[in-house]
Amino acid sequence: KAGVTQTPRYLIKTRGQQVTLSCSPISGHRSVSWYQQTPGQGLQFLFEYFSETQRNKGNFPGRFSGRQFSNSRSEMNVSTLELGDSALYLCASSPRLESSYNEQFFGPGTRLTVL
Amino acid sequence: TQLLEQSPQFLSIQEGENLTVYCNSSSVFSSLQWYRQEPGEGPVLLVTVVTGGEVKKLKRLTFQFGDARKDSSLHITAAQPGDTGLYLCAGVLRSSYGGSQGNLIFGKGTKLSVKP
């Protein structure tokens, strides 16, 4: 099976702009989660989508939003970018079966730099 | 407040040495997972432990889940340069009825460097 893919891999934006990141999960996985990783805070949960519905949300401002399409592909959007939004954004998919423990299969990430 | 505390934050050792990294919490988890992340890549799942006191072995890696389900450890025997990376523990909180609640919570990780 192909792994989780994320596009683009690298992105440079300026303050005030907005950005959209894309994620394609492993085939058959219906859950997609997004995380922000920074050296100071580590991996922080943004949100999870399952069958096109937001299932869980982390403690991030409303500038961070996401959606999931019927084919399970997901996008996240960050509006009005701030310098502090510079981070590695990781997407992870999971089969989310009742018998599983929410194991995450991560993509390589999108490195966002805000200038 | 970090729900999962990992120690040490950084570890630099020589090839062939043994090491243990720790993942501690004051909260009870229904399960704990360990991931390894290499530079420029996303984390890769190594193991999931689900039963208090459980021990799992993956070649030279030994994972243990504490009896009270509040902590876990990862022991590496005879470390090799290929073990270099960021080791992350992550868990799902145990709910009052014994199931799982909420999303996966990550520790900040232990950055391991194994020198040849």
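None of these values were measured; they are calculated from a predicted model.
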Original post:
Looking only at atom types and distance, does a side-chain atom of B:Arg36 sit under 3.5 Å from a main-chain N or O of B:Val44, one as donor and one as acceptor?
Top reply: no

**OP:** Would you mind checking which part of B:Gln33 comes under 4.5 Å of any heavy atom in chain A, side chain (CB onward), backbone (N, CA, C, O), both or neither?
**Re:** side chain

Subject >> B:Leu88 portion near chain A, given a 4.5 angstrom heavy-atom threshold >> reply: side chain

Subject >> Leading residue by heavy atom contact count with chain B [cutoff under 4.5 Å; candidates A:Tyr35, A:Phe105, A:Phe45] >> reply: A:Phe45

Original post:
Regarding A:Gln104 and B:Tyr35, is there a side-chain donor-to-acceptor distance under 3.5 Å anywhere?
Top reply: no

Original post:
Do B:Arg60 and B:Asp83 meet the salt-bridge criterion of a basic N to acidic O distance under 4.0 Å?
Top reply: yes

Subject >> Side chain, backbone, both or neither of B:Val50 within contact of chain A (heavy atoms, under 4.5 Å) >> reply: side chain

Original post:
How long is the span from the CG atom in B:Asp67 to the OG1 atom in B:Thr51, to the nearest 0.5 Å?
Top reply: 11.0 Å

Original post:
In this structure, are over 12 heavy atoms from other groups packed under 6.0 Å from A:Arg15 atom CZ?
Top reply: no

Original post:
If you count the non-hydrogen atoms of other residues, nucleotides and ligands that lie under 6.0 Å from CG in A:Asn59, is the total more than 12?
Top reply: no

Donor-acceptor list for residues 107-115 of chain A side chains, cut-off 3.5 Å, not counting sequence neighbours:
residue  : atom : partner : partner atom : Å
A:Thr110 : OG1  : A:Pro8  : O            : 2.5

Subject >> Interface residues of residues 106-116 of chain B facing chain A - heavy atom cut-off under 4.5 Å >> reply: B:Phe106, B:Lys108

Original post:
So, the side chain of A:Glu103 versus the backbone of A:Ser94: is there a donor-acceptor pair under 3.5 Å, distance only?
Top reply: no

Original post:
Quick one: of A:Gln6, A:Lys57, A:Gln41, A:Gln44, who has the most non-hydrogen atom pairs under 4.5 Å with chain B?
Top reply: A:Gln41

**OP:** Look at atom CD of B:Gln9 and say whether more than 12 heavy atoms of other residues, nucleotides or ligands are closer to it than 6.0 Å.
**Re:** no

**OP:** Check each atom of A:Leu90 against the heavy atoms of chain B and say whether the ones under 4.5 Å are side chain, backbone, both or neither.
**Re:** side chain

